[in-house]
Amino acid sequence: MKKIILCITILLILTGCTQDNNEVVNILNWSSYIPDEVIRDFEKEYGIKVNYSTYSSNEECLAKLSSAKEGTYDLVFPSDYMIELMIKRNLIQKIDKSNLDNLENINYNYLSYNYDYYNDYSLPFLAASVVLVYDSEKIKDDITSYNDLLDSKYKGEIILLDDQRVVIGMALMALGYDMNDTDSDHLEEAKDWLLKLKENVKAFDSDSPKTFMISKETSIGVIWNAEAALAMEENKNLKVVYPSEGFSVSIDNFAIPKGAKNIDNAYLFIDYILEGEVMQKIIEAYPYKNVNLETQNYLSDTYLNNDASNISDLMFSTGSFVENIGDKIELYDKVWAEIK
Amino acid sequence: MQRHRHLKNLFIFLVFLFLYLPIITLIVFSFNTSPLNILFEGFTLEWYGKLFSNTTLLEALKNTIIVSVVSTGISTFIGTLAAIGLQKYNFVGKNFINKLLYVPVVIPEIVLGISLLSVYTLLKLNLGLGTLIVSHIAFSIPFVIISVRTVLNSMNLQIEEAAHDLGANDFKTLTNVIIPEIMPGIISGATLAFTLSLDDVIISYFTAGPGSNTLPLQIYAMIKTGITPDVNALTTLMILVIITVLIISSLIQVRKMKKEYAR
Amino acid sequence: MKNKSKFLYLSPVVIYAIVLILFPILYILFLSFQTNDNYGGIIYSLTLNNYIKIFDIVYLRVLFKSASIAFITTVICILISYPFCIFISEKKPNVQKILITLVMVPFLTNSLIRTYGWIVLLRKEGVFNSILQSLNICDGPISFMYNNLGVFIGLVYTLLPFMILPVYSSVSKIDKKVLEASEDLGANAYHTFTKVIIPQTLPGIFNGSLMVFIPAIGMFFIADLLGGGKIMLVGNLIKNQFLVSRNWPFGAAISIFLIVITFLLVKLYKKSGGNMDDLGGF
């Protein structure tokens with residue numbers, strides 16, 4: 001018994017030591033977003049330990065942020081509509097831009113959106129779109145719209161994101177409605193549309209849908225542009241489509257939670273990421289739409305020539321954003337529970 | 001009874017094949033040159049080297065070991081005392097406490113996980129190694145109590161009285177008489193708590209915070225975003241450790257039995 | 001003196017039971033009567049709406065599907081474990097010991113890793129399909145996972161030892177002499193099995209069923225990984241309420257509902273003569 005107590009004491013002391021490791025920054029970020037290498041480089045350069053946790057949807061980010069004690073996280077990366085919600089809920093604080101030397105690197109086209117018009121609380125990190133991608137070796141038809149996917153010959157061939165707003169939004173767009181429609185009849189139609197589509201769906205996955213396309217588990221995907229681009233590097237037969245009915249886009253942002261304990265380190269991290277060459281490493285590893293002007297100079301041809309990753313500013317502006325719909329989210333929840 | 005011996009052995013073999021197939025697969029692929037885990041392309045030890053530079057994975061392993069060892073230690077201590085105390089003494093509400101102790105054993109893990117998460121949120125506790133350890137203690141203690149109690153029930157109660165009669169005080173009786181007698185129960189309870197803690201996904205999923213990623217959580221994230229073969233290498237090493245421990249413990253048992261037999 | 005040591009023995013466990021078991025459950029019960037404010041917050045109120053919502057056809061379907069998947073998993077586990085344990089119990093005692101230890105070994109390794117092992121085997125370009133293709137057994141790849149089959153394989157695999165161990169312990173307790181007596185009295189193998197063996201091993205089967213059925217309802221990660229996120233079980237539903245839809249009161253209500261079901265199943269188990277301590281003592 002004494003030995004056990006001794007062991008416990010030693011362990012507690014040991015864990016105490018590793019915990020008190022002076023400088024840390026607690027980051028809550030999307031899974032598959034910043035390569036390990038960038039984090040390690042930051043740790044080496046500044047001597048700050050990065051505690052990295054991940055989420056796979058904006059809702060999960062909100063849940064984690066609001067259920068954890070204030071001060072648990074120092075930096076988060078929510079998308080547009082979630083920024084708006086977090087400002088309303090008083091979860092994030094104003095960014096002191098004077099702390100950031102690399103501020104001017106940000107592409108001004110991606111500032112001043114309605115969700116945070118003066119960018120008081122958020123700064124764009126990168127932008128994403130949801131694209132349709134298919135394997136032209138297996139799918140001989142020309143797919144141009146979401147409705148094409150209902151064809152029964154694509155049984156078990158489709159991978160969708162595990163994201164209720166994006167998927168239900170896609171159904172609404174396919175039916176000619178707005179992707180943020182909250183009319184219960186329209187949602188009913190969307191549900192039926194999705195139930196029909198589900199016959200063809202192999203899986204819902206937000207974390208790594210590219211794996212399904214690379215391993216040829218599926219031949220059609222409606223997935224994040226970076227995932228599509230990565231899949232295209234492995235499988236040259238993949239074709240990208242921006243569907244005729246519309247597509248959803250999002251801008252992911254840096255945001256600092258209220259009560260962040262290591263706020264200076266969070267600023268250091270943001271500034272580090274905003275460096276042209278650092279962002280280049282991130283963008284090349286996870287080829288989303290780059291919103292850093294400095295980085296644009298370093299990007300490889302592979303990135304620039306890929307239609308999925310390098311979507312033009314003009315094209316991006318035709319996409320629709322997910323918007324906050326208040327308590328109507330319950331209707332979406334129900335549709336989601338029903339189609340799953 | 002011997003009629004269908006071959007068929008019966010075949011059935012046993014098939015069940016074992018089912019149990020071991022995924023593990024054998026991972027062990028084989030840990031030596032594969034291709035990182036894709038699809039076809040075996042050639043032999044390499046590369047992944048074993050890579051494993052030791054994968055800091056994320058190693059840190060998760062460290063956290064897992066800390067959480068398991070600390071929570072096992074504390075729950076074994078509390079659980080053993082509790083099992084003895086609950087057998088020895090009567091008190092108001094004993095029945096109720098006894099019933100409560102079964103709750104973590106029978107309710108779905110997810111329910112315990114979200115209840116603990118809600119309480120941590122209510123109390124505004126920082127999610128991290130601390131909450132993780134407390135949560136693991138929460139589900140381990142009943143298993144320790146049950147294991148110890150099983151041995152206690154079969155123990156000869158007169159031993160304790162005899163010790164008292166011979167002038168041993170309570171503490172001496174506990175450490176010199178009771179504990180050695182119930183050691184098998186304590187060990188099996190601790191082993192059970194340790195294994196449960198080592199492999200817990202569901203409760204950790206809800207109660208971990210920044211910087212307290214455990215191995216199961218890390219692997220869950222990796223399966224979703226793309227696993228690298230160094231995870232296979234880690235699994236192979238862990239299985240090696242388990243088998244070594246098992247062999248050593250059974251050797252000790254055999255030696256003990258031989259000794260007793262010699263007596 | 002007596003009271004002091006009584007206090008030392010019992011206070012930790014009493015504090016533990018109240019703080020880490022009773023209080024969390026009472027708090028969840030409290031939460032289940034509150035209203036969700038759509039931002040993940042809670043509006044204090046006293047409402048039954050969350051319970052009424054469970055009986056919405058959409059959520060009832062999830063419950064029903066979950067229960068049937070858990071039930072089928074339990075039945076498959078019985079069908080595998082029962083003959084397995086009987087065949088093993090016919091071996092020599094030493095061999096029995098080794099075989100039962102061998103059953104446990106895989107379960108000492110990480111359960112997610114083993115699930116990943118199944119993914120490697122089952123996926124479209126996985127080991128099984130590659131073998132089937134190279135042997136020309138079938139022309140197209142077979143979908144082993146991202147469907148119900150995958151979920152069943154995962155659940156049965158993960159929960160099988162929880163059936164094997166209690167069933168084995170009840171099978172090994174059967175007195176061989178009783179079997180001989182039954183044969184001497186002229187009972188044929190079939191009668192011996194139904195009249196002697198089954199009744200004696202029933203508590204073990206009940207025990208195993210409880211230890212398989214209940215976890216099977218809550219194992220969201222198996223459905224996530226092997227079902228391709230297409231199959232929503234109660235576990236996934238609760239997880240979503242807490243981590244995605246941020247409707248904690250509804251999640252709490254479903255949890256209370258699960259606790260009640262568990263409680264009823266345990267009552268049934270005790271009524272059939274099961275011992276509570278057997279549930280936790282593998």
Side-chain angles (χ1 to χ4, degrees), chain B residues 1 8 11-12 15-16 19-23 25-26 29 37-39 78 81-82 84-85 88-89 91 97 100-111 114-116 118-119 122 138 141-143 146-147 149-150 170 192 195 199 201-202 215-216 219-220 223 227 231 235 238-239 242 246, chain C residues 5-6 9-10 12-14 16-17 20-25 27-28 31 80 83-84 87-88 90 101-103 105-106 108-114 116-121 125 127 130 157 214-215 217-218 220-221 225 235 238-239 242 248 251 255 258-259 262 266 276-277 279-282:
Chain B
M1 281 269 169
K8 286 174 178 175
F11 185 82
I12 293 178
V15 173
F16 275 112
L19 293 177
Y20 278 84
L21 206 53
I23 295 181
T25 313
L26 291 177
F29 277 113
N37 282 334
I38 292 177
L39 280 174
I78 298 180
L81 278 186
I84 300 171
K88 241 169 136 176
Y89 303 108
F91 60 97
I97 296 287
L100 272 183
L101 291 175
Y102 290 114
V103 170
V105 180
V106 292
I107 60 169
E109 267 184 276
I110 187 164
V111 175
I114 55 120
S115 339
L116 289 168
S118 311
V119 169
L122 177 76
I141 286 184
F143 289 98
I146 292 172
S147 304
R149 181 150 64 201
T150 317
D170 270 4
L192 193 55
T195 346
D199 187 29
V201 188
I202 298 179
L215 196 61
I219 292 171
Y220 187 42
I223 295 176
I227 221 159
V231 175
T235 316
M238 283 168 80
I239 291 174
I242 292 163
L246 275 177
Chain C
S5 53
K6 182 175 170 182
Y9 277 120
L10 293 170
V13 69
V14 172
Y16 153 74
L20 289 178
I21 306 176
L22 184 62
F23 180 61
I25 287 173
Y27 183 58
I28 282 287
L31 271 183
I80 297 177
F84 179 76
F87 298 161
I88 281 197
E90 288 166 3
T101 312
L102 281 178
V103 169
V105 172
L108 297 174
T109 62
N110 193 291
S111 62
L112 281 165
I113 266 290
R114 285 177 278 123
Y116 175 64
W118 278 113
I119 297 179
V120 172
L121 289 166
E125 306 238 310
V127 176
S130 309
Y157 181 79
I214 295 173
I217 297 176
F220 64 84
F221 62 91
L225 296 175
I238 297 180
K239 182 192 125 197
F242 275 80
W248 287 32
S255 305
L258 278 192
I259 293 180
T262 309
V266 169
M276 284 306 285
D277 272 3
L279 290 178
F282 322 115

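This is a predicted model, so every value here is computed, not measured. Just so we're on the same page: letters track the sequence lines, and every chain starts at 1.
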[X] versus chain C, the contacting section by heavy-atom distance below 4.5 Å:
X: B:Ile23; answer: side chain
X: B:Leu19; answer: both
X: B:Leu81; answer: both
X: B:Tyr220; answer: both
X: B:Thr25; answer: side chain
X: B:Val106; answer: both

Can you tell if the side chain of B:Phe16 reaches within under 4.5 Å of the side chain of C:Val103, non-hydrogen atoms only? yes

At a heavy-atom separation under 4.5 Å, does C:Leu10 approach chain B through its side chain, its backbone, both, or neither?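 For C:Leu10, the contact with chain B is made by the side chain alone.
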
Part of C:Tyr157 within contact of chain B (heavy atom distance under 4.5 Å): both

The criterion is ring pair (Phe, Tyr, Trp, His ring centres under 6.0 Å); which residues satisfy it with C:Phe87, sequence neighbours excluded?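 Residues passing ring pair (Phe, Tyr, Trp, His ring centres under 6.0 Å) with C:Phe87: B:Phe11.
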
In terms of heavy-atom pairs under 4.5 Å, which option from B:Thr235, B:Val201, B:Ile114 contacts chain C the most?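 Greatest number of close heavy-atom pairs with chain C: B:Ile114.
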
Residue from B:Leu116, B:Ile202, B:Val103 scoring the most non-hydrogen pairs under 4.5 Å with chain C is B:Ile202

